Amino acid sequence: MAATAMDHDGGEVVTPGELLGNSSLLAGLGAYADGRCVRASITGHRRLVPPPPGSTDQRSTVEVVGHKAHGAVPQPGSVVIARVTKVMARMASADIMCVDAKAVKEKFTGMIRQQDVRATEIDKVDMFQSYRPGDIVRALLSLGDARAYYLSTAQNELGVVSAQSITGGTLVPISWTEMQCELTGQIEQRKVAKVE
């Protein structure tokens, strides 16, 4: 089959790890080189793309086009926006919503450990005075795997960027550890991100 004949999304369906071809092909999106083979890294349709005209490498590129568009994927060093879902004595869990200003399309869970809340006085951190469920935080992804990512807010520009008070009003930052309710004026404790 000619390379141009498969230059659309109608190729055969492949799954992660499935053999796509040998080293006579270049690995494109959704594929990776594994020794002398090219394998699928996602589930989708196999697609061959001919080399661009004038290219020194005349090998075709094999890609896997997913069933739906894939959003951003968290990587170590990425700045993420996450919604806190649960706060415990030594950690808080959060659902990652954006990675480097790009929305995610899958569910990724992050954990902010007590030692990753701030850079100083780590032993004095009270998780319940740093975050509450529903808070939106900006955090740095330090490391992780498919099950959970470790997030850090131990920099001035990281921490809570948006929150609601107990009464339901919007909280406005007044210091790096306090936010004030617009409705009642009540002050609540948070690890606040420095406003840029």
Side-chain angles (χ1 to χ4, degrees), residues 14-17 26-34 38-44 47 61-123 125-164 170-173 175-177 179 189-196:
V14 293
T15 57
L26 294 171
L29 296 172
Y32 65 94
D34 181 23
V38 178
R39 297 186 180 278
S41 62
I42 61 173
T43 300
R47 179 171 83 167
T61 301
V62 64
E63 298 180 340
V64 178
V65 181
H67 293 292
K68 55 187 174 198
H70 292 278
V73 177
Q75 301 288 332
S78 299
V79 174
V80 302
I81 302 295
R83 181 186 314 273
V84 176
T85 55
K86 188 175 183 181
V87 180
M88 296 159 274
R90 299 183 66 81
M91 70 168 54
S93 61
D95 289 340
I96 297 172
M97 302 184 306
C98 296
V99 177
D100 294 325
K102 293 179 187 159
V104 297
K105 297 198 187 279
E106 300 173 45
K107 183 177 178 182
F108 296 104
T109 302
M111 292 186 295
I112 306 170
R113 300 174 297 182
Q114 186 178 17
Q115 64 264 33
D116 295 328
V117 171
R118 61 180 185 226
T120 60
E121 299 180 327
I122 295 168
D123 55 328
V125 170
D126 182 344
M127 294 302 291
F128 299 105
Q129 290 191 348
S130 300
Y131 311 105
R132 297 256 171 86
D135 288 357
I136 306 297
V137 298
R138 181 186 307 126
L140 182 70
L141 195 146
S142 56
L143 57 102
D145 56 29
R147 286 174 281 140
Y149 294 90
Y150 289 110
L151 306 177
S152 171
T153 58
Q155 294 176 20
N156 290 342
E157 64 275 6
L158 304 175
V160 177
V161 293
S162 177
Q164 284 191 328
T170 302
L171 289 173
V172 178
S175 77
W176 70 277
T177 59
M179 297 181 94
Q189 300 291 312
R190 294 290 199 284
K191 194 302 184 181
V192 181
K194 180 182 175 185
V195 179
E196 297 170 351

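This one's a predicted model, so the numbers in the text were calculated from it and none came from an experiment. Side chains included, hydrogens not; waters and symmetry mates left out as well; all remaining heavy atoms used.
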For the pair [X] (side chain) and [Y] (backbone), establish whether a donor and an acceptor sit closer than 3.5 Å, ignoring hydrogens and angles.
X      : Y      : result
Gln129 : Arg190 : no
Ser41  : Gly30  : yes
Lys191 : Thr153 : yes
Arg113 : Gln115 : no
Ser175 : Thr177 : yes

Value rounded to 0.5 Å, distance of [atom1] in [X] from [atom2] in [Y]:
X      : Y      : atom1 : atom2 : value
Leu141 : Ile96  : CG    : CD1   : 5.5 Å
Ser130 : Asp116 : OG    : CG    : 12.0 Å
Leu151 : Arg138 : CG    : CZ    : 13.5 Å
Arg118 : Trp176 : CZ    : CH2   : 5.0 Å
Gln164 : Thr170 : CD    : OG1   : 6.0 Å
Leu158 : Leu140 : CG    : CG    : 6.0 Å

For this session: Is it possible for you to check whether Arg39 lies under 6.0 Å from the centre of the six-membered ring of Tyr32, through NZ or CZ, and within 45° of that ring's axis?
Result: no
**Side-chain donor-acceptor contact under 3.5 Å, Thr85 with Ser93** = yes
Q. Can you tell me if Ser142 and Tyr149 form a side-chain donor-acceptor pair at under 3.5 Å?
A. no
Tyr131 and Ile112 have their tightest heavy-atom pair at OH-CG2, 3.9 Å
Minimal heavy-atom distance between Glu63 and Gly28, with the atoms involved, is CG-CA, 4.0 Å
- Item | Residues Glu157 and Lys194 bridged, charged N to O under 4.0 Å | no
Check: Thinking salt bridges, do Arg83 and Asp135 make one under a 4.0 Å N-O criterion?
Finding: no
Test side-chain contact (heavy atoms from CB on, under 4.5 Å), reference Asp100, set Val80, Val79, Ile81, output is Val79
- Please walk me through it: do Ile136 and Val160 pass side-chain contact (heavy atoms from CB on, under 4.5 Å)? CA-CA 6 Å; Ile136 306 297; Val160 177; over 6 Å; no
Show, in sequence, the C-alpha distance, side-chain angles and deciding distance for Val99 and Lys102, and conclude whether the side-chain contact (heavy atoms from CB on, under 4.5 Å) test is met. CA-CA 5 Å; Val99 177; Lys102 293 179 187 159; 5.6 Å; no
> Given the rule in the side-chain contact (heavy atoms from CB on, under 4.5 Å) test, do Val161 and Val137 qualify, once you have shown the distances and angles that lead to the verdict?
Replying inline: CA-CA 5 Å; Val161 293; Val137 298; 6.0 Å; no
Check your understanding: Checking side-chain contact (heavy atoms from CB on, under 4.5 Å) for the pair Gln114/Met127: CA distance, chi angles, key distance, verdict?
Key -> CA-CA 7 Å; Gln114 186 178 17; Met127 294 302 291; 4.1 Å; yes
